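In each ligand, atom 1 is the first atom listed, and ligand 1 is the first ligand listed. Predicted model only: the values in this text are computed from it and were never measured. Position 1 is the first residue of the sequence, and the numbers go up from there.
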Amino acid sequence: MDLQRRGVMLVIASPSGAGKSSISRSLFGQDPNIRLSVSVTTRARRTDEVEGTHYYFVDVPTFNRMKAEGELLEWAQVHDNFYGTPRAKVEEQLSAGNDILFDIDYQGTLQLYEKSRADMVTVFILPPTIKELRARLERRAQDSAGTIEKRLRNAKLEMQHYSEYDYVIVNDDLEASSQKVRSILAAARQSRPRLTQLDNFVKDLQNQIDSL
Ligand SMILES: Nc1ncnc2c1ncn2[C@@H]1O[C@H](COP(=O)(O)OP(=O)(O)OP(=O)(O)O)[C@@H](O)[C@H]1O
Ligand SMILES: Nc1nc2c(ncn2[C@@H]2O[C@H](COP(=O)(O)O)[C@@H](O)[C@H]2O)c(=O)[nH]1
């Protein structure tokens, strides 16, 4: 029997601006087995964002239709906009043995936990200080002053949940943080060797019991 590893669902969450997208980006160039779950959002596209690479940008009626038709694995309202994970590609990629990185908030993490805990490893990224967090949001220069204030306020709520994640990283040095996430993923690959064909093999054994 040719046993293939089932992919790991790597969830990275943080207050806005702590650096999860930067850390995520650093993983992709170096690892051919990891895919990003590209979310849908009703947020306006930032100038440096590309449709289908950073997000699928949709209007609210389209988002609501996708929700109603069960196309979203999880969804949440975050900082006044809606975000959701399209379901279609996730199972296909996991079964093919590819790991998937989810850049989602705490509400989404909880929803994935309910469905897929055995496949998941979760990481929470903290900023070194709030002064630095504000500086990062300002340097990124993609959000208005009002949006930055709102994201800083929401950081307090998001950080309440840090201890519910498997790992916590203080993102002081970007390269060091990225290396930690790479090590976490490598450990998850070793410790959760769920095997796709083995799942099917066990199902087949169970079916044989049903037909005894
Ligand atoms: N360790 C670091 N040191 C200095 N700057 C950093 C570090 N990590 C990320 N940054 C910078 O901080 C800004 C915010 O980072 P990034 O967009 O990755 O955050 P995020 O957590 O994904 O935010 P959001 O949730 O709003 O999408 C970016 O300009 C990025 O280049
Ligand atoms: N529950 C979900 N949260 C998501 C998803 N995609 C992104 N996010 C989170 O939203 C905020 C803001 O993101 P930004 O791109 O506007 O800065 C951030 O915390 C993301 O992690 C999703 O599909 N589901």
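An N or O contact shorter than 3.5 Å links Ser16 to ligand 1 by distance. Between Trp75 and ligand 2, a contact under 3.5 Å exists for no N or O pair. Taking only nitrogen or oxygen atoms, main chain and side chain alike, Gly84 reaches within less than 3.5 Å of ligand 2. Considering backbone and side-chain atoms together, Arg43 places an N or O closer than 3.5 Å to an N or O of ligand 2. The shortest N/O to N/O separation between Ser21 and ligand 1 falls below 3.5 Å.
Counting atoms of ligand 1 from 1 in the listed order, those under 4.0 Å from a heavy atom of Pro15 are 21 (O). Numbered from 1 in the order shown, with element, the atoms of ligand 1 that lie under 4.0 Å from a heavy atom of Arg151 read 26 (O). Contact atoms of ligand 1 toward Gly19: 9 (C), 15 (O), 16 (P), 18 (O), 19 (O), 20 (P), 21 (O) (distance under 4.0 Å to a heavy atom of the residue). The contact set between ligand 1 and Asp172, taken as ligand atoms under 4.0 Å from a residue heavy atom, comprises 1 (N), 2 (C), 3 (N). Residue Ser14 approaches ligand 1 through these ligand atoms, each under 4.0 Å from one of its heavy atoms: 21 (O). Against a heavy-atom cut-off of under 4.0 Å, Leu174 is close to the following atoms of ligand 1: 1 (N), 8 (N).
Here the heavy atom of the protein found nearest to atom 25 (O) of ligand 1 is Lys20 NZ, 2.4 Å. Residue, atom and distance of the protein heavy atom nearest to atom 5 (C) of ligand 2 are Tyr83 CB, 3.4 Å. Nearest protein neighbour of atom 14 (C) of ligand 1, counting heavy atoms only, is Gly17 O, 3.5 Å. Among all protein heavy atoms, the one lying closest to atom 5 (N) of ligand 1 is Arg136 NE, 3.5 Å. Looking at atom 31 (O) of ligand 1, its nearest protein heavy atom turns out to be Ser22 OG, 4.0 Å.
When the side-chain contact (heavy atoms from CB on, under 4.5 Å) test is applied to Arg87, the partners found at least two apart in sequence or on another chain are Leu73.
Formation of a donor-acceptor pair under 3.5 Å by the Ser26 side chain with backbone atoms of Ser178 is not found in this model. Under the 3.5 Å distance criterion, the side-chain polar atoms of Ser183 are matched with a main-chain donor or acceptor of Gln179. Looking only at distances, a side-chain donor or acceptor of Thr109 sits under 3.5 Å from a matching main-chain atom of Asp105. Side-chain atoms of Arg35 do not come within 3.5 Å of backbone N or O of Leu101 as any donor-acceptor pair.
With no hydrogens or angles considered, no side-chain donor-acceptor pair links Gln77 and Asn81 at under 3.5 Å.
When the options Leu73, Leu112, Asp103 are ranked by their closest heavy atom to atom 8 (N) of ligand 2, first place goes to Asp103.
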